[in-house]
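For reference, the structure discussed in these notes is given below.
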Amino acid sequence: MNTIVIQNCKNFINKILSFMSETHTNKLEELETGLETITYDFILNMMKIYLENLDKEIKADKKWRKQNGLVVERNNDKREILTKFGMLTYHRTYFYHKKNDTYIYLVDEALGIAPYDRVSTAVAADMVEYSSDNSYAKSSLHATGGIVSRQTVMNKTRKVNEEKLKIETKGPKRKVQVLHIDADEDHVALQDGKNAIVPLITIYEGTKRIAKRGQCINPHHIHGFGQGIEETWLKVANYIYDRYDIDYLKRIYIHGDGALWIKTGLEWLPKSKTVLDKYHLNKAIFEATAGQEQYRKAVYSSIYEGDLPRFSKLVNELKQTAQSPKKRERINQFKNYIKNNWKAITIYKKEGVGGSCTEGHISHVLSSRFSSRPMGWSKKGLKAIADIRIYCQNGGKITPNHFTKAKQQYKIKQETIKKAKEVFSKTTYEKLNNIPVFNMGKKTPISTILKGIQRSGYAI
């Protein structure tokens, strides 16, 4: 085994030097792809050596196997699994557990490789993170070249541990006087033909102007799909208390369309007031004055100036000149909507509150993945991707540690693992004196560096 490791290292160096010694000038992209292929092949070979050597040591530890009732059932079973370096192929021993009447590949379990996995957890993490923005098919193509199916990508998203999808607050609590919260919802088509409502709450510290666009300062998103409204607002409250100095905070403005679930936030957040966001307000004005556009400007100004008597007079005139009972009913609903949210409207003028980004957040955070394209979601799939997408939008990165792992049945002894690694530690001190390419007489930047290492006595 020691010889195999040494030979693999020699082959790697020979391939690198041969590639760099080619007579024609390599373009940058040729250097990148050529050196990557050689390096990845070397890494895959080293992984194969490590796995097969560990399997050999487990098999050789007969005393431990006897204590655990494990006997060899079959040798040299082939396994292929796609890694971030390419397809890893290795052989291992199949064991029979006499006490439980079960079969197991001990080296797979020791390395955390699930029985039917076709991709490593590193590849799965890349695939899952990409699926937060793209379809399952595109995620497979991105991470595996399309080797695995859309179903496999979907299954991996559902194996992500929800409890680990939390952004931990770090450092001292932030001191800001005003916080803004945008609350709105997206309507997502389900596979059964119905629609699911996905609430979205975004907490931020105001906006700043970048060129001609406004940008929220330190936004943090929380979705409410698959849970009650009270639970959602509890998450919002916990985030604010963990992240901000409540004593220093003077006001929290909750922007939304005036829905009851949004107003519930007042019960959970101190120093909070609701603000009817301008998108929904302007939309209501536009719909109420449709066909009677001559009233639109006057209604608009009466609302934004906080002149309730003038607004009521204008609405009565709208009703009197309406052409149908249906139109009059719509105007009545508009009147009630404005009066029920009057304080949330006049706050613009009284406290100088700016506009919000409710529709922008819905479009960017939810709709672009869930409802902008014709597709039908299952509730389970929608919940999984919503959790992952919000986590990534908040700055999180999916890693192998995010996946729920099966409990290990057998704990391999540290002595066995140590023996498997000894082959590499012994190889570490093998000098590079006997590599033929060093005597070829060709001088390249790479050969100069390696010869320097050789002559200085450094190890691989």
Side-chain angles (χ1 to χ4, degrees), residues 80-84 87 108 111-168 185-192 194-202 220-227 231-232 235 361-407:
E80 289 184 334
I81 187 165
L82 186 65
T83 72
K84 60 191 297 184
M87 188 65 73
D108 288 356
L111 271 294
I113 304 172
Y116 300 103
D117 274 351
R118 296 180 61 195
V119 297
S120 70
T121 51
V123 173
D126 185 22
M127 209 161 48
V128 166
E129 182 167 317
Y130 200 77
S131 72
S132 70
D133 285 322
N134 301 275
S135 68
Y136 296 142
K138 286 183 178 178
S139 300
S140 171
L141 191 64
H142 162 77
T144 72
I147 291 177
V148 302
S149 66
R150 292 176 295 175
Q151 181 73 31
T152 299
V153 181
M154 183 190 72
N155 292 340
K156 290 298 181 183
T157 64
R158 298 183 184 186
K159 288 186 178 180
V160 173
N161 189 335
E162 182 184 349
E163 292 299 314
K164 294 183 178 181
L165 294 176
K166 294 178 181 178
I167 303 292
E168 298 295 332
E185 57 195 30
D186 192 18
H187 296 263
V188 180
L190 298 177
Q191 292 173 348
D192 59 8
K194 298 178 181 179
N195 277 346
I197 295 175
V198 183
L200 177 68
I201 295 173
T202 303
H220 181 84
H221 309 287
I222 294 171
H223 83 83
F225 181 72
Q227 60 192 21
E231 186 180 352
T232 303
K235 286 184 178 180
H361 291 312
I362 288 294
S363 176
H364 175 67
V365 179
L366 295 182
S367 299
S368 60
R369 181 65 176 98
F370 298 115
S371 58
S372 63
R373 297 180 293 273
M375 62 179 73
W377 292 84
S378 68
K379 289 184 178 180
K380 192 172 182 180
L382 176 56
K383 177 67 166 59
I385 293 296
D387 288 341
I388 294 165
R389 183 166 175 79
I390 293 296
Y391 176 73
C392 294
Q393 288 286 327
N394 286 334
K397 183 173 179 60
I398 303 297
T399 69
N401 291 329
H402 282 96
F403 294 98
T404 301
K405 297 177 182 177
K407 188 176 180 181

Using a 3.5 Å distance criterion without hydrogens, assess whether the side chain of [X] forms a donor-acceptor pair with backbone atoms of [Y].
X	Y	result
Glu129	Ile398	yes
Arg369	Ser131	yes
Ser149	Thr152	yes
Asn394	Gly396	no

Kindly indicate whether the side chain of [X], heavy atoms from C-beta on, has any atom under 4.5 Å from the side chain of [Y].
X	Y	result
Gln393	Asp133	yes
Asp186	Val365	no
Met87	Leu82	yes
Leu190	Leu382	yes
Val128	Phe403	yes
His221	Ile201	no

Stepwise, does the side-chain contact (heavy atoms from CB on, under 4.5 Å) test hold for Ile385 with Phe370?
CA-CA 9 Å; Ile385 293 296; Phe370 298 115; 3.6 Å; yes
Strictly by modelled atom types, are [X] and [Y] linked by a side-chain donor-acceptor pair under 3.5 Å?
X	Y	result
Ser139	His142	no
Gln227	Thr232	yes
Ser368	Arg389	yes

More than 12 heavy atoms from other groups under 6.0 Å of NZ on Lys164:
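Atom NZ in Lys164 is packed in, count exceeds 12.
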Take His187 and Ile197 through the side-chain contact (heavy atoms from CB on, under 4.5 Å) test and state the conclusion after the steps.
CA-CA 5 Å; His187 296 263; Ile197 295 175; 3.8 Å; yes
Approximate separation, where rounding is to 0.5 Å, of Lys166 NZ and Lys235 NZ:
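NZ of Lys235 is found 7.5 Å from NZ of Lys166.
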Quick check on side chain to side chain contact (heavy atoms under 4.5 Å, CB included): which of Ile147, Val148, Asn134, Val119 does Ser140 satisfy it with?
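Output: one option passes, namely Val148.
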Identified side chain to side chain contact (heavy atoms under 4.5 Å, CB included) counterpart of Tyr136 within the set Met127, Lys156, Met154
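Checked Met127, Lys156, Met154 against Tyr136; only one passes side chain to side chain contact (heavy atoms under 4.5 Å, CB included): Met154.
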Apply the side chain to side chain donor-acceptor pair (under 3.5 Å) test between Asn155 and each candidate in Gln151, Arg158, Lys159; give the one that qualifies.
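Exactly one pass, corresponding to Gln151.
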For Asp387, give me all partners under salt bridge (Lys or Arg N to Asp or Glu O under 4.0 Å), at least two apart in sequence or on another chain.
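So Asp387 forms a salt bridge (Lys or Arg N to Asp or Glu O under 4.0 Å) with Lys383.
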